[in-house]
Amino acid sequence: MNEFFALFKKELKTCFLSPVTYIVMFFFWVLTGANFFWLLWQLIGGSPLSVAMQMMFGGPLLAIALPIVVPLITMRLVAEERKQGTFEALLTTPLQVPFLVLAKYFSALIYYMVLWLPAIAYLLMAGKLPGVPGFPDGGAVLAGIFGVMLVGSLYIAIGLLMSCLSSNQIVAAISSFAVLFGTALTLTLLAYNSQSPSLRIIGQYYSSYKHMMDFSRGIVDSRMVLMYICNSAWVLFVAIKVTEAKKGS
């Protein structure tokens with residue numbers, strides 16, 4: 001366990017020292033700022049408070065941004081070390097592979113949650129503005145934060161798996177983007193545009209965009225929570241097995 005925490009601290013430090021992470025941070029914070037101004041514009045236009053909350057946690061800007069941002073976070077986790085030869089050196093140590101993979105995963109997840117801190121600050125600032133009583137709703141804010149953490153946990157697990165499968169950061173980023181964006185777009189189209197009731201139900205059950213719309217209204221469905229936890233655990237299990245296979249080869 002001591003080895004896990006030592007590696008976790010190392011990975012977390014790397015997350016905040018890499019130049020790429022600051023580019024990602026700048027890009028994401030610009031988008032969340034734009035989303036906040038859009039939210040204020042909606043409030044000025046008389047939109048319901050629930051609609052304004054959806055713009056903050058589930059707006060189209062962020063729905064498109066996450067499949068771009070997450071691969072940029074995860075692409076270096078394994079692929080960069082494998083390219084430099086340091087990952088193979090780690091695999092020769094007594095450190096257990098699950099600890100290695102989980103340390104990288106949780107460091108990336110914490111960095112991902114840090115990206116959302118300005119969005120939370122914006123909502124707290126909005127609560128001080130005159131003329132918008134009852135905004136933001138505390139329950140909806142907590143549900144929204146919980147939702148972005150759940151969605152991020154699955155997205156980062158997928159990005160980590162793609163990084164484990166590749167020895168090139170660019171390939172890892174592109175493959176992660178293709179999987180995340182392609183899946184999110186397909187499920188969202190099924191959820192909202194499918195003519196088949198069965199396909200629409202499937203899309204609504206699995207679409208992260210639909211889930212974030214619900215979370216931003218303060219709706220927390222235990223089925224969705226369980227789905228994200230199980231899917232994240234399953235993808236991490238696959239990433240661990242892939243890494244173990246590479247260690248044995």
Undergrad: Less than 4.5 Å apart, side chain to side chain, heavy atoms only: is that true for R200 and Y192?
TA: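 R200 vs Y192: side chains apart.
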Undergrad: Are V70 and L117 linked, directly or through intermediate hydrophobic residues, by side-chain heavy-atom contacts shorter than 4.5 Å (ILVMFWY only)?
TA: yes
Undergrad: Is there a donor-acceptor pair under 3.5 Å between the side chain of S216 and the backbone N or O of M213?
TA: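 Between the backbone of M213 and the side chain of S216 there is a qualifying donor-acceptor contact (under 3.5 Å).
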Undergrad: Does some side-chain heavy atom of F28 sit less than 4.5 Å from a side-chain heavy atom of W116?
TA: yes
Undergrad: Any heavy-atom pair between the side chains of V225 and V220 that's under 4.5 Å?
TA: yes
Undergrad: If you link ILVMFWY side chains whenever their heavy atoms are less than 4.5 Å apart, which other residues fall into the same cluster as F26? By chain and number, please.
TA: V30
Undergrad: State the OG-NZ distance between S107 and K10, to the nearest 0.5 angstrom.
TA: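 The distance works out to 9.0 Å.
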Undergrad: Keeping the roles fixed (side chain from Y22, backbone from F16), state whether a donor-acceptor pair exists under 3.5 Å.
TA: yes
Undergrad: Just how far is it from atom CZ of F215 to atom CZ of F146, taken to the nearest 0.5 Å?
TA: 6.5 Å
Undergrad: Is L115 close to Y111 at the side-chain level, that is, under 4.5 Å between some pair of heavy atoms?
TA: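 Yes; the side chains approach each other to less than 4.5 Å.
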Undergrad: Ignoring hydrogens and angles, tell me if any N or O in the side chain of T21 forms a donor-acceptor pair with the backbone of C15 under 3.5 Å.
TA: yes
Undergrad: Which side chain to side chain donor-acceptor pair (under 3.5 Å) pairs, counting each pair once, include a residue from residues 151-163, with sequence neighbours left out?
TA: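 Listed by first then second residue: S153-S232, Y155-S208.
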Undergrad: Between H211 and Y228, what is the ring plane arrangement, given parallel below 30°, perpendicular above 60°, and tilted in between?
TA: perpendicular
Undergrad: How long is the gap from CZ on F181 to CD1 on I64, to the nearest 0.5 Å?
TA: 6.5 Å
Undergrad: Got T243 and V78 here, is their nearest side-chain heavy-atom distance under 4.5 Å?
TA: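 No - every pair of side-chain heavy atoms lies 4.5 Å or more apart.
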Undergrad: Would I219 and L142 show up in the same hydrophobic cluster when neighbours are defined by side-chain heavy atoms closer than 4.5 Å?
TA: no
Undergrad: Report yes if some heavy atom in the side chain of L72 is under 4.5 Å from a heavy atom in the side chain of F177; otherwise report no.
TA: no
Undergrad: Answer yes or no: is there a donor N or O on one side and an acceptor on the other, between the side chain of S176 and the main chain of A172, under 3.5 Å?
TA: yes
Undergrad: In this structure, would L77 and I23 fall into the same cluster of hydrophobic residues linked by side-chain contacts under 4.5 Å?
TA: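 Different clusters.
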Undergrad: Should Y209 and M212 be marked as a side-chain contact (heavy atoms from CB on, under 4.5 Å) after you check the CA-CA gap, both sets of side-chain angles, and the distance that decides it?
TA: CA-CA 5 Å; Y209 182 81; M212 284 311 306; 6.0 Å; no
Undergrad: Just by modelled atom types, is the V148 backbone N or O under 3.5 Å from a matching donor or acceptor in the Y112 side chain?
TA: yes
Undergrad: If you round to the nearest 0.5 Å, how far is CG of N193 from CG of L199?
TA: 12.0 Å
Undergrad: In the single-linkage hydrophobic clustering (I, L, V, M, F, W, Y; side-chain heavy atoms under 4.5 Å), do I120 and I110 co-cluster?
TA: yes
Undergrad: Answer whether the closest heavy-atom distance between the side chains of D214 and M224 falls below 4.5 Å.
TA: no
Undergrad: For S175 and V171, indicate whether the former's side chain and the latter's backbone hold a donor-acceptor pair under 3.5 Å.
TA: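 Yes, the answer is positive, given that a donor and an acceptor are paired below the 3.5 Å cut-off.
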Undergrad: Rounded to the nearest 0.5 Å, how far apart are CG of L102 and CD1 of I240?
TA: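 Those atoms lie 5.0 Å apart.
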Undergrad: Check the pair K104 / T74 against side-chain contact (heavy atoms from CB on, under 4.5 Å), numbers first and verdict last.
TA: CA-CA 9 Å; K104 291 179 175 294; T74 59; over 6 Å; no
Undergrad: Find the distance between CD (E244) and CG (L100) and round it off to the nearest 0.5 Å.
TA: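 Here the rounded value is 10.5 Å.
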Undergrad: Working note: L236 + L160, criterion side-chain contact (heavy atoms from CB on, under 4.5 Å); need CA distance, chi angles, decisive distance, verdict.
TA: CA-CA 8 Å; L236 284 174; L160 175 58; 3.9 Å; yes
Undergrad: Could you tell me which non-hydrogen atom of E11 sits nearest to which non-hydrogen atom of R76, and how far apart they are?
TA: OE1-NH2, 3.4 Å
Undergrad: Hey, does Y206 have a side-chain heavy atom less than 4.5 Å from the side chain of M227?
TA: yes
Undergrad: Could you report the tightest heavy-atom contact between A108 and I156, atom names first, then the distance?
TA: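 Closest approach of A108 to I156: O-CD1, 3.7 Å.
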Undergrad: Kindly check if the number of other-residue, nucleotide or ligand heavy atoms within 6.0 Å of CZ (F237) is above 12?
TA: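 Not more than 12 within 6.0 Å, no.
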Undergrad: Who clusters with I170? Use side-chain heavy atoms, under 4.5 angstrom, across I, L, V, M, F, W and Y, and order the result by chain and number.
TA: I174
